[in-house]
Asker: 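One structure, as structure tokens, below. Some questions next.
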Amino acid sequence: MTEILTMSQVSLNFGGLTAVSSVDLSLSEGELVGLIGPNGAGKTSIFNLLTGVYAPSAGAIHFHREGSTLNLGGKKPHAICHAGIGRTFQNIRLFRNLTVLDNVVIAAAQNQPYGLVASFLHTPKQHRCERETRERAMELLRIMDLADKADELAQNMSYGEQRRLEIARAMATQPVLLLLDEPAAGMNPAETASLTELIAWLRETFKLTILLIEHDMSLVMNICERLYVLDHGVLIASGTPAEIQHDPAVITAYLGEEVADA
Amino acid sequence: MARILPLLAKVVAVLAVYLVVQAMIMTGVVDDYILITMVTICVNIILAVSLNLITGFTGQFSLGHAGFMSIGAYTTGLLTMHYPTWWAFLLGLLAGGAIAAIIGFLVGLPTLRLRGDYLAIATLGMAEIIRVLFLNFPFTNGAAGLSGMPRFVNWTWLYVFTAGTVILISNFLRSMPGRNLIAVREDEIAASSIGVNAVRAKTLAFVVGAFFGGLAGGLYSSYFYFIKPDLFGFQKSIDILIIVVLGGLGSLTGSVIAAILLAVISSLLQPFPELRMVIYGLILVVVMVFRPQGLMGDRELTFSAMRRLLPHRWREARP
């Protein structure tokens, strides 16, 4: 399998605080990989590094697509999105005052080939592009089971629906690599189960590579092929879910050191 | 067919408003005094709609719109004074808008990293610099300003530019670059994550807003014969902002309604000069207390929305 993303010796410092320390991480095409770790371990910081919200203090991030390699370090978020990486956010960031459909349409419209003049004059070409974009956005809403809510405001949706809408919006940019930041947070077990199926289906259908952060172990153990475990900004383990479950370093990170003699 | 009908309805409505007013002017129902109010309304509509693009739709708090207006006013004024012809007038409007847009771009680039009140202060400073420049340029006649420009603006030109501005900006907001501005207002980080270049979007808002602000200034100077730097001070920027906030941040039709409403109230109160500003202020306070989101909020008064107001029987009959 060919690699699609490699992080080599990546660090991120905020002044004196090291949020991410010399992390090596790689993803192969089509993989579904989980990134887990206790709260404050630096998981979201890694997502922010990958999507250009932060520039790495040291190390390199390379994105390989169609035979060419792109250095993501220092690239702006919008450029990284155009390169083919989509993401969702841990604390949902929807366009709250816009309709569900518009949330997806804005994302789906980014590659439209018409210029500024066409946007003022609403030329036939603009109309055609607009219609295609809307159809594509509706299709995504149908996939995410949100089609009947298309005209509702994003802020009026339930928590689970908002999470699905965020995935729909990220998918609308046609990414090859999708980063999901706690997609199941705030969902009940039934919603989590159907989300798990959905993620697996999306990956299959759109030939996606997915990296996800998740605390819900039922989801992680069910669909992730490999896991990286992060603690205090350092990668402490990686491997299959079965290996991770029995890794002493991971158990220590989550549950604390075993005390030999009380 | 489904798209042609609403489009036709819009064209008919836009033409009807023009023809009715034109007929009223020709029959003398609208006298010069009313026409002055209408010019004020139209200029204020263009100003408010273009400021709304910056402040309401993109979320960039700007207190410098009068600065852009003054650039257009002086450009058109100077051009038509030296070349009193129709083409100089039209060229002046476009050039005024273009120069304002360039200034908007130059000012926008360094200041758009600022947010909220910081940006407001920076744009206020920009407008003051422009005002002081017009006070001191050798060709703008200082504090006394320019007077005696030929009047080229009539109802027809006024209506073409006002309706044109509203239609163009409304189109813009219903297309990809325009919706990107709204996305940036809603959540800049999320907008970037789906490929929106936030810096570009904000700069574009300033450039487009400044262009139409300059256009409004050109129309103003060509109708009122007389401009001076003090007309485009801080107070004017605030006046425009009041229209935008009263109508609703993020509602074009709100800006149009508020511009009309405020001008009508203001001219109805003309006979009571001592109470005028008190009542005017009171109306603003009352609206803000009971409708803090403005008259229209962020909604638009569209044809389909108006149809929903019709009784059921009528609605069913419509296509």
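The model shown is predicted, which means the values in this text are computed figures rather than measured ones. First the proteins, then the strands, lettered A, B, ... as listed; each starts at 1.
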Asker: Ring centres under 6.0 Å, that's the criterion: do A:Tyr54 and A:Phe14 meet it?
Answerer: yes
Asker: For A:Gln112, is it the side chain, the backbone, both, or neither that has a heavy atom closer than 4.5 Å to a heavy atom of chain B?
Answerer: both
Asker: When you measure from the centre of the six-membered ring of A:Phe95, is the NZ or CZ of B:Arg179 closer than 6.0 Å and no more than 45° off the axis?
Answerer: no
Asker: Below 4.5 Å, heavy-atom pairs only: which of B:Leu168, B:Asn197, B:Asp298 has the largest tally toward chain A?
Answerer: B:Asn197
Asker: Would you mind reporting whether A:Leu72 and A:Leu5 have side-chain heavy atoms less than 4.5 Å apart?
Answerer: yes
Asker: For B:Leu173, which atoms come within 4.5 Å of any heavy atom of chain A: side chain, backbone, both, or neither?
Answerer: neither
Asker: For A:Ser119, is it the side chain, the backbone, both, or neither that has a heavy atom closer than 4.5 Å to a heavy atom of chain B?
Answerer: both
Asker: Among B:Pro177, B:Ala183, B:Gly195, B:Ser192, which residue has the highest count of heavy-atom pairs closer than 4.5 Å to chain A?
Answerer: B:Gly195
Asker: Given that the side chain runs from C-beta out, which part of A:Ile80 has a heavy atom under 4.5 Å from chain B: side chain, backbone, both or neither?
Answerer: neither
Asker: Is any side-chain N of the basic residue among A:Glu139 and A:Arg142 closer than 4.0 Å to the acidic one's carboxylate O?
Answerer: yes
Asker: Below 4.5 Å, heavy-atom pairs only: which of A:Lys76, A:Glu166, A:Arg169 has the largest tally toward chain B?
Answerer: A:Arg169
Asker: Is it the side chain or the backbone of A:His122 that comes within 4.5 Å of chain B heavy atoms, both, or neither?
Answerer: both
Asker: As an exercise: rank B:Ser170, B:Ala190, B:Gly178, B:Ala191 by heavy-atom pairs under 4.5 Å with chain A and give me the winner.
Answerer: B:Ala190
Asker: Between B:Glu188 and B:Arg115, does a salt bridge (Lys or Arg N to Asp or Glu O under 4.0 Å) hold up when you go through it step by step?
Answerer: CA-CA 11 Å; B:Glu188 198 172 323; B:Arg115 279 162 208 276; 3.3 Å; yes
Asker: B:Arg185 versus chain A, heavy atoms under 4.5 Å apart: side chain, backbone, both or neither?
Answerer: side chain
Asker: Measure the spacing between CG of A:Leu153 and CG of A:Asp102 and express it to the nearest 0.5 Å.
Answerer: 9.5 Å
Asker: When only pairs under 4.5 Å are counted, which of A:Asn97, A:Asn103, A:Thr173 shares the most heavy-atom pairs with chain B?
Answerer: A:Asn97
Asker: Hey, is the main chain of A:Cys81 close enough, under 3.5 Å, to the side chain of A:Thr51 for a donor-acceptor pair?
Answerer: no
Asker: Taking the side chain as every heavy atom from C-beta outward, state whether A:Phe89 and A:Arg87 have any pair of such atoms under 4.5 Å apart.
Answerer: yes
Asker: Between B:Val199 and chain A, with a heavy-atom cut-off of 4.5 Å, which part of the residue counts as in contact: side chain, backbone, both or neither?
Answerer: neither
